[in-house]
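Everything on this sheet refers to the single structure shown next.
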Amino acid sequence: MLKTAAKAGGLADRFRRVRATSAELAVGLSPEDQVVQSMPDASPVKWHLAHTTWFFETFLLSPNLPGYRPFDPAFGYLFNSYYEAVGARHPRPRRGLVTRPGVAEVAAYRDHVDAAMLTLLERGDAERLAPLVTLGLAHEEQHQELILMDLLHLFSCNPVAPAYRPYRPALRGPAHEGRWIAVDGGIVAVGHAGEGFAFDNEGPRHEVLLRPFRLFSRAVTNGEWLAFVEDGGYRNPALWLSDGWATVNAEGWEAPAYWRRGEDGGWREFTLLGEHPLDEDAPVSHVGFYEADAFARWAGKRLPTEAEWETAAAGIPATGLSPTGNTLGSGLLRPVAAAADEGFAQMFGDVWEWTASAYSGYPGFRPAVGAVGEYNGKFMANQYVLRGGCCATPDGHARATYRNFFYPHQRWMFSGVRLAEDA
């Protein structure tokens, strides 16, 4: 009984921390900042705060807390994201048109659900519900990162180039030039080993045959990407996949997202701190898979597979924090320190790193039964895997087996590149 109570208390404390961090991200934002949707891929801050609340209400409170009454029955339609088994939902591209409920009512919704969740966690079945609560908290941490991604895109559309708050989108690159590090091939095990939380797409753990390869010790920098731009990388069809070249021409790409020409002709970058001169030592960010693949081809290299990346990252702590890194509020969003010269740097905490691997299920993968089985499995088509985590990933959320995934043309996330080559 005491052990169960301790587990329940620890889970309740983590629930409070995660929920408080989400609310804290909205501090300093106007109601208008939280309602606008800048593109179909992004969502308003208000929607993120309501959707993460809807998750707990729908999957935990309604089925498990006797007498629980939903805050507003209409919210099930407004704030469902993609769970077909749960019911109809408001179209994603029109989330910015939902001006009501307002920001204050969404805050009241969160308070209502939080109070009920803490009541639920104080009951005797907290241990039974812990896996689903933990999934809900990991889900909310994903949306904390999405809030920052979506805010950056929203503010980039504003001609006055507003800043969010003191926060650095990525660490400067390590002082050393970087080097190639050889990794032995052979039969290696990849995937989650079963200890601690992981999303279902991180398993089952399985064996992969790797040929010997080399991985660069750090991420590609803005300065290196600038050389690609100045060499005509965005104008050379020989470097691009067919779909990528079509996207370059259709979208008019000439540089990474958020790079802008200054009045002096030099490049500037729009960040969560507003617009600043391009930091050539910082890791390049906000590039899509098509761009990553083209850059690797230009450099005479390639992108690593996700099995190669995970093998190289094995044993590198994903929780080391920079003692001088900028913090955001409670400190749950902090950049990760670069590794020492003799090893890999920036594996976690600067930018998500594109891999050459298409997003699909591991051998033996089976989605969970029920609506939560829609969480990852149904998106396993036409997307590519990114590894590592970024500066906006909450502390403790990243791990070597984490599989993020996006479509190859998308680039509003904090996504960068690490090069690989055959040994």
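As the structure is a prediction and not an experimental result, all values here were calculated from the model.
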Between the side chains of [X] and [Y], is a donor N or O closer than 3.5 angstrom to an acceptor N or O?
X: W240; Y: D293; value: no
X: T355; Y: R387; value: no
X: N64; Y: R128; value: yes
X: W352; Y: E145; value: yes
X: N80; Y: W54; value: no
X: E353; Y: W309; value: yes
X: E202; Y: Y362; value: no
X: H286; Y: H153; value: no
X: H397; Y: Y402; value: yes

[Y] backbone acceptor or donor facing [X] side chain under 3.5 Å:
X: T247; Y: D243; answer: yes
X: E291; Y: G288; answer: yes
X: S62; Y: E57; answer: yes
X: E308; Y: L210; answer: no
X: R165; Y: L29; answer: no
X: R95; Y: A42; answer: no
X: K46; Y: G96; answer: no
X: S43; Y: H48; answer: no

**Q.** side chain to side chain contact (heavy atoms under 4.5 Å, CB included) between V133 and M117, worked out
**A.** CA-CA 9 Å; V133 175; M117 277 297 302; 4.2 Å; yes
Does any part of the side chain of [Y], heavy atoms only, come nearer than 4.5 Å to the side chain of [X], both counted from C-beta?
X: W47; Y: S81; value: yes
X: H90; Y: V98; value: yes
X: F155; Y: L152; value: no
X: D350; Y: F414; value: no
X: H139; Y: F59; value: no
X: P283; Y: Q346; value: yes

Q: Would you list the pairs meeting salt bridge (Lys or Arg N to Asp or Glu O under 4.0 Å) in which at least one residue belongs to residues 75-88, sequence neighbours left out?
A: E84-R89
Q.
Assess the residue pair Y407 and F405 against the criterion (ring pair (Phe, Tyr, Trp, His ring centres under 6.0 Å)); give the C-alpha distance rounded to whole Å, side-chain angles, the decisive distance to 0.1 Å, and a yes or no.
A. CA-CA 7 Å; Y407 290 101; F405 51 93; 8.6 Å; no
Q: Given salt bridge (charged side-chain N to carboxylate O under 4.0 Å, His left out), test R268 with E275 step by step and report yes or no.
A: CA-CA 7 Å; R268 299 174 64 82; E275 187 175 291; 2.9 Å; yes
**Q.** Within 6.0 angstrom of D184 CG, more than 12 heavy atoms from elsewhere
**A.** no
Q) What's the verdict on side chain to side chain contact (heavy atoms under 4.5 Å, CB included) for L151 and I147, showing C-alpha distance, side-chain angles and the deciding distance? A) CA-CA 6 Å; L151 269 175; I147 285 173; 4.1 Å; yes
Indicate yes or no: does [X] engage [Y] in a salt bridge with an N to O separation below 4.0 Å.
X: E141; Y: R14; result: yes
X: D422; Y: R302; result: yes
X: E254; Y: R235; result: no
X: E269; Y: R260; result: no

Q | Pi-cation contact, W180 with R214 (under 6.0 Å, within 45°) | A | no
Q. Can R110 be said to sit on top of F56's aromatic six-ring, NZ or CZ under 6.0 Å from centre and within 45° of the ring axis?
A. no
Once you round to the nearest 0.5 Å, how far does [atom1] of [X] lie from [atom2] of [Y]?
X: L278; Y: N222; atom1: CG; atom2: CG; value: 4.5 Å
X: M413; Y: L386; atom1: CE; atom2: CG; value: 5.5 Å
X: L154; Y: M149; atom1: CG; atom2: CE; value: 13.5 Å
X: R403; Y: D200; atom1: CZ; atom2: CG; value: 10.0 Å

(Q) Apply ring pair (Phe, Tyr, Trp, His ring centres under 6.0 Å) to residues F406 and Y384 and explain how you reach the verdict. (A) CA-CA 6 Å; F406 284 95; Y384 281 83; over 10 Å; no
Below 6.0 angstrom between ring centroids: does that apply to [X] and [Y]?
X: F197; Y: F199; result: yes
X: F216; Y: F344; result: no
X: F379; Y: Y359; result: no

Q. Passes side chain to side chain contact (heavy atoms under 4.5 Å, CB included), R411 versus Y258? Steps please.
A. CA-CA 10 Å; R411 56 185 197 154; Y258 308 131; over 6 Å; no
Q. Can you name the closest pair of heavy atoms from L49 and T53 and give their distance?
A. O-OG1, 2.7 Å
Q: Run the numbers on Y68 and H112 for ring pair (Phe, Tyr, Trp, His ring centres under 6.0 Å), then give the verdict.
A: CA-CA 11 Å; Y68 176 77; H112 173 85; 5.5 Å; yes
Q) Can you list the steps and then say if E224 with V284 is a side chain to side chain contact (heavy atoms under 4.5 Å, CB included)? A) CA-CA 8 Å; E224 290 161 341; V284 70; over 6 Å; no
